[in-house]
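What follows is a single structure, written as structure tokens, with notes after it.
From a predicted model like this one, the values you see are computed outputs, not experimental measurements. The figures that follow rest on heavy atoms only: side chains count, while hydrogens, waters and symmetry mates do not.
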Amino acid sequence: MQRKFVVEVAILLLFSAPLLFAQAPAGEHNCPANGAIPAYVGPGNGVFSPNQNLCLPQLAPVGGSMGPLSFIVGGSEPGVRVDSQGSVYGVSIRGVPGGIDLWRWFATADGPPNSNGTLPFKYEGQPDNCGILTNGCANNVGSLTNLGVAPGGGDADIAVNTPDPNSGIPNLAATSLSLAPGVTATNSTNRGDSFFNPPNVAAALIPGDDRQWQEATGPATVYLSYHDAATFNIDVQRSNDGGLTYINGFGEAIDPQTFPTAGGGAGSANIAGQLRIDQSSCPSGGNLYSIFVAPDNATENALGQPMRSVYVGVSDSAKLGLPAFLFTDHKIYTSPVGSPGAINGTNQIFPAMATDRFGYVYAVWSDHTNIYYASSSDQGTTWTTPVRVNSGGTVGKANVFPWVAADANGHVVVTWFGANRAGNSNDTSVMEPTCSDGTNSCWAQWNTYLAETVNGHELVPNFTQYTASDHVIHYGTISTGGLGGSANRNLGDFFQVALDGHHRANIAFSDDHVVSPLCTTQTPGHCNASDPQSFRNGQPYFTYQLAANPAIATTGTCAGAPAPTPGEEKVTGHGQINSVQAGTSASFGLVAKNQPANAALSYQDAGAPGGALDVRSSNITVPSVTFSGSCVSVSGSAQVNKQPGYSYTAQACDNGNPGSGNDTFSINVSGPNFSYANSGTLTSGNIQIQSQ
């Protein structure tokens with residue numbers, strides 16, 4: 001099963017010289033003098049700015065300046081975001097327990113672009129390392145007291161909100177994966193100069209989790225998704241406090257009908273891409289999307305077959321702000337038997353998704369050979385026939401790591417890594433053959449590509465392809481199998497693109513074309529740039545489009561809505577009833593529908609017998625949803641206090657407005673040597689039943 005479960009450990013060395021500060025040629029500041037690699041600024045290519053590496057320290061001391069050991073610092077899987085005020089943020093991972101690193105460019109504080117177009121980024125240190133330092137984030141850049149370890153570093157993601165109505169500054173949320181206890185979360189309200197300290201090391205509701213993603217909307221709402229390690233469903237939580245805690249809403253992106261095909265503790269399961277929110281002012285605004293790839297059916301899943309189908313989970317109830325919300329899954333595409341997508345799978349990581357400002361939705365994925373793209377004009381319900389994005393010399397070669405961003409009306413950019421050789425990117429015999437001259441000159445050479453369209457929601461959009469990198473960024477294999485296999489993992493598993501307010505693509509990508517200065521100790525005698533044995537590690541690089549496409553349309557009409565389902569009934573409810581313990585309250589959230597049957601339940605009672613009770617529905621079985629008059633009865637599987645193996649039955653009645661004092665709610669929970677029941681009239685909140 002191709003699951004990531006990153007627990008990479010940074011390499012340990014004898015401690016070297018203390019860290020100092022230096023200016024990089026691109027004007028980057030707050031950079032350690034002993035950089036991971038020499039500062040690099042490429043020649044540029046007229047369309048994109050000169051490629052620049054984002055500075056990192058060479059070593060992170062363990063135990064302070066006296067050592068005796070240090071981690072070798074690398075930076076892979078870079079993410080990038082641009083907020084509404086033009087601040088550009090980059091993030092990358094060091095691997096567990098090295099933590100994550102952050103960079104920021106905000107013109108007012110950091111200076112305008114340089115004459116050659118490069119940006120003077122500020123290195124902001126490690127957001128997830130603040131909690132183990134005596135003076136917080138301010139001292140975690142080049143400090144001799146930096147322990148060189150952090151709660152996470154296995155995976156990272158960031159998200160930006162709209163400006164805070166009081167400060168006028170957009171919130172920046174950040175997460176880092178550690179597996180135990182799970183996801184570390186923090187945020188910054190001053191553009192990354194400091195982060196909330198200490199970070200929340202238990203942001204995920206499930207203690208065992210993997211591959212988290214984030215998305216933000218409004219001034220303080222942030223969503224977090226991750227894999228539940230027990231069921232491998234994609235759990236989604238909502239934060240109302242800017243990404244410090246994720247306790248305000250819960251859903252599962254794989255619905256109960258799709259779960260046998262894409263979930264489970266054995267079999268192929270799924271690979272989850274990032275969350276996306278419809279940021280438009282259209283009726284679809286606030287819809288939440290989660291893309292994933294999985295086998296085509298339950299039998300293929302059970303047999304461990306390739307993930308040849310692409311899916312999207314769509315939630316139009318998350319934006320209601322309730323404690324629970326639903327996703328409905330739709331299949332985007334299935335690779336035909338015998339095609340590269342069916343042989344290799346569509347999980348050449350990761351599938352990616354974007355929404356534009358008019359409610360259209362876009363999806364991209366790789367089958368190891370080409371990058372494919374589809375769009376939806378009805379909020380993810382139906383999709384266009386996929387088209388190949390890559391063109392020219394990249395056709396038929398190895399193409400992996402797609403990412404996508406969209407804005408305006410049908411303006412979409414897609415990025416990926418492309419090689420000059422055909423074949424599986426993991427295959428050393430193809431990508432790293434023995435060269436006659438003893439160098440790596442005959443190895444696969446990789447570049448960063450971008451394709452752009454301004455009519456992205458047409459049946460056959462027109463893409464123009466560019467080479468975004470101004471040099472070969474990597475030689476040899478690229479792993480798409482997580483921690484499995486022998487392929488090179490210097491670049492991690494993905495890189496990202498984001499569009500700024502001028503409709504220009506900003507790309508953060510991994511690169512290891514520069515030999516590490518530490519090669520003299522790691523691979524002595526093998527430090528030549530063309531030596532296949534030379535020591536390198538991935539570093540984050542950045543480039544952006546120098547000018548926007550003049551054909552971008554900023555006006556248009558909203559995407560359509562899916563056709564209503566005849567006979568469909570829905571219930572949405574939230575509020576409080578009296579606890580079984582006098583003087584306390586129990587709270588609930590319930591969303592359910594009958595066609596197809598689906599339900600999401602969240603229930604908490606701090607006064608339950610035996611201690612606080614937390615009940616959450618689980619999509620491992622299809623729930624029973626029965627409407628009768630003004631009431632609905634819902635039964636399904638549940639987790640109790642984060643443990644699976646329970647079942648629940650809830651009944652909610654809409655007895656009129658206001659809900660408080662009229663509507664009723666009852667619940668029964670049972671499991672191994674456990675039983676709980678409670679019922680009552682709402683003391684706050686409301687229950688609403690709707691029919692088509």
Knowing that exactly one of Phe463, Trp365, Trp416 qualifies, which makes a ring pair (Phe, Tyr, Trp, His ring centres under 6.0 Å) with Tyr373? Phe463
When rounded to the nearest 0.5 Å, the distance separating CE of Met353 from OG1 of Thr355 is 9.5 Å
For residues 517-539, the salt bridge (Lys or Arg N to Asp or Glu O under 4.0 Å) pairs (sequence neighbours left out) are none
Is there a side-chain hydrogen bond (donor to acceptor under 3.5 Å, both in side chains) between Tyr362 and Asp356 once you walk through the steps? CA-CA 8 Å; Tyr362 309 96; Asp356 71 16; 2.6 Å; yes
Consider only side-chain N and O atoms of Tyr289 and Asp278, and report whether a donor and an acceptor are under 3.5 Å apart. no
Closest non-hydrogen atom pair between Ala548 and Arg504, with its separation: N-CG, 3.9 Å
Going by salt bridge (Lys or Arg N to Asp or Glu O under 4.0 Å), name the pairs with one or both residues in residues 46-56, residues two or more places apart or in two chains. none
Could you work out, with salt bridge (charged side-chain N to carboxylate O under 4.0 Å, His left out) as the rule, every residue matching Asp511, not counting sequence neighbours? none
Check Ala173 against Gly242 and note the closest heavy-atom contact, atom names and distance. CB-O, 3.6 Å
Check the orientation of His503 and His411. Use parallel for under 30°, tilted for 30 to 60°, and perpendicular for over 60°. perpendicular
For the student: nearest non-hydrogen atoms of Val222 and Asn171, plus distance: CG2-ND2, 4.5 Å
Can you name the residues that form a salt bridge (charged side-chain N to carboxylate O under 4.0 Å, His left out) with Asp157, not counting sequence neighbours? Arg81
Under the salt bridge (charged side-chain N to carboxylate O under 4.0 Å, His left out) rule, collect the residues that match up with Asp470, sequence neighbours excluded. none
Indicate whether any N or O donor in one side chain lies under 3.5 Å from an N or O acceptor in the other, for Ser76 and Ser510. no
Plane angle bin for Phe401 and Phe495 - parallel if under 30°, tilted between 30 and 60°, otherwise perpendicular: tilted
Tell me yes or no: between the side chains of Asn447 and Gln445, is some donor less than 3.5 Å from an acceptor? no
Does one side chain, of Tyr466 or Gln545, offer a donor that lies under 3.5 Å from an acceptor on the other? no
Who passes ring-ring contact (aromatic ring centres under 6.0 Å, His included) against Tyr40, sequence neighbours left out? His471, His513, Tyr541
If every non-hydrogen atom of Asn440 is compared with every non-hydrogen atom of Pro532, which pair is closest and at what distance? N-CD, 4.1 Å
Does any donor atom in the side chain of Thr464 or Glu452 lie under 3.5 Å from an acceptor atom in the other side chain? no
So which heavy atom on Thr189 is nearest to which on Ile169, and how close? O-CG2, 3.6 Å
Going by the rule side-chain contact (heavy atoms from CB on, under 4.5 Å), which residues pair with Glu215 if we only count those two or more places apart in sequence or in a different chain? Leu275, Arg276, Ile277, Gln279
Hits for side-chain hydrogen bond (donor to acceptor under 3.5 Å, both in side chains) against Thr415, two or more places apart or cross-chain, chain-then-number order -> none
Return yes if a side-chain donor-acceptor contact under 3.5 Å exists between Gln52 and Thr118, otherwise no. no
If the condition is side-chain contact (heavy atoms from CB on, under 4.5 Å), which residues does Pro219 pass it with, not counting sequence neighbours? Thr162, Pro165
Is there a donor-acceptor pair closer than 3.5 Å between any side-chain N or O of Asn161 and the backbone N or O of Thr217? yes
side-chain hydrogen bond (donor to acceptor under 3.5 Å, both in side chains) with Thr221: which residues, sequence neighbours excluded? none
Sorted by chain and residue number, the side-chain hydrogen bond (donor to acceptor under 3.5 Å, both in side chains) partners of Ser188 (sequence neighbours excluded) come out as Asn190
For Arg104, salt bridge (charged side-chain N to carboxylate O under 4.0 Å, His left out) partners two or more places apart: Asp110, Glu124, Asp193
What do you reckon, are the aromatic ring centroids of Tyr123 and Trp103 less than 6.0 Å apart? yes
Kindly confirm or rule out a cation-pi arrangement of Arg191 over Phe106, judged by NZ or CZ under 6.0 Å from the six-membered ring centre and within 45° of its axis? yes
Within the structure provided, determine whether Asn116 and Val41 are in side-chain contact (heavy-atom separation under 4.5 Å). yes
Parallel, tilted or perpendicular, as decided by the 30° and 60° cut-offs, for the rings of Phe494 and Phe350: perpendicular
Is the distance between the ring centroids of Trp446 and Phe417 under 6.0 Å? no
Any non-hydrogen side-chain atom of Phe535 less than 4.5 Å from a side-chain atom of Thr520? no
Testing the basics here: between Ala36 and Gln539, what is the closest heavy-atom pair and its distance to 0.1 Å? CB-OE1, 3.4 Å
Check: Phe48 ring centroid to Tyr544 ring centroid under 6.0 Å: no
